[in-house]
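Structure record follows, encoded as structure tokens.
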Amino acid sequence: MKILFRELNSVDKITSIKELSSLLSENRLLKEKQDFLRLVYEREKQGNTLIAPRIAMPHAEGISVRKTSIAIGKSTKLINWNNNQFVEMILLVAINPADEINNEKLIRIIRELGKEEKTVHLIDSTKTNILRELQKI
């Protein structure tokens with residue numbers, strides 16, 4: 001599984017998702033960026049993707065994804081995610097339904113992120129530590 005990181009320049013939900021989608025696309029992890037974005041926006045309409053205080057995990061599954069991957073964005077400013085719910089870190093998850101090995105790793109990562117002490121630690125970590133922590137799960 002590919003895990004990428006970018007310091008976010010975006011200050012809102014939509015541009016943050018676009019910025020992280022571009023990171024996935026630049027690394028050839030998406031077949032069709034616009035289709036992936038459409039799927040992410042559809043999923044966002046279905047319900048909240050906040051997974052912990054200050055962390056959101058927008059995601060989409062589909063054939064527009066070459067390889068299951070995560071684009072992590074960290075901002076120095078609070079991003080208004082949903083009606084005054086603010087985040088500092090976004091984990092944009094791209095899921096290829098046929099990528100079974102990486103999907104199993106993704107499930108392990110999501111379970112770990114369900115632990116509040118893990119998410120608080122990640123928010124306060126540096127880029128290198130964030131990537132190292134997620135890779136070793």
Q: Ignoring hydrogens and angles, state whether a donor on the side chain of Lys2 or Asn102 is under 3.5 Å from an acceptor on the partner side chain.
A: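 No - no donor-acceptor pair under 3.5 Å links their side chains.
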Given 3.5 Å as the limit, does a donor-acceptor pair link the side chain of [X] with the main chain of [Y], or not?
| X | Y | result |
| --- | --- | --- |
| Glu7 | Gly73 | no |
| Asn103 | Asp99 | yes |
| Thr49 | Ala56 | no |
| Arg43 | Pro58 | no |
| Asn96 | Thr68 | no |
| Asn84 | Asn80 | no |
| Lys74 | Ile123 | yes |
| Lys33 | Glu26 | no |
| Lys105 | Ile137 | yes |
| His59 | Met57 | yes |

Is there side-chain contact between [X] and [Y], with heavy atoms separated by less than 4.5 Å?
| X | Y | value |
| --- | --- | --- |
| Leu113 | Ile55 | no |
| Val65 | Leu29 | no |
| Ser21 | Leu92 | yes |
| Lys77 | Glu88 | no |
| Arg54 | Met89 | no |
| Leu4 | Ser69 | no |

Q: Give a yes or no on whether a salt bridge exists between Arg108 and Glu112, defined as a side-chain N under 4.0 angstrom from a carboxylate O.
A: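 Result for this pair is no, no salt bridge flagged.
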Q: In plain terms, say whether Glu133 and Lys118 are close enough for a salt bridge, that is, a side-chain N and a carboxylate O under 4.0 Å apart.
A: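 Here Glu133 pairs with Lys118 in a salt bridge, since their nearest N and O are under 4.0 Å apart.
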Can you tell me if [X] has over 12 outside heavy atoms packed within less than 6.0 Å of its [atom1]?
| X | atom1 | result |
| --- | --- | --- |
| Arg111 | CZ | no |
| Ile63 | CD1 | no |
| Glu100 | CD | no |

Is [Y] reachable from [X] through a run of hydrophobic residues whose side-chain heavy atoms are each under 4.5 Å from the next?
| X | Y | result |
| --- | --- | --- |
| Leu122 | Ile72 | yes |
| Ile51 | Trp81 | no |
| Leu24 | Leu8 | yes |
| Leu23 | Phe5 | no |
| Ile17 | Leu30 | yes |

Q. Can you name the closest pair of heavy atoms from Thr119 and Ala52 and give their distance?
A.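 Looks like OG1-CB, 3.5 Å.
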**Q.** Minimum heavy-atom distance Ser10-Ser75, with the two atoms named
**A.**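 That closest heavy-atom pairing would be O-OG, 4.2 Å.
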Q) Between Thr15, Ile90, Val11, which is the residue that forms a side-chain contact (heavy atoms from CB on, under 4.5 Å) with Ile79? A)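 Among Thr15, Ile90, Val11, the one that satisfies the side-chain contact (heavy atoms from CB on, under 4.5 Å) with Ile79 is Ile90.
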**Q.** By salt bridge (charged side-chain N to carboxylate O under 4.0 Å, His left out) - contacts of Asp12 (at least two apart)
**A.**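 For Asp12, no residue satisfies salt bridge (charged side-chain N to carboxylate O under 4.0 Å, His left out) once neighbours in sequence are set aside.
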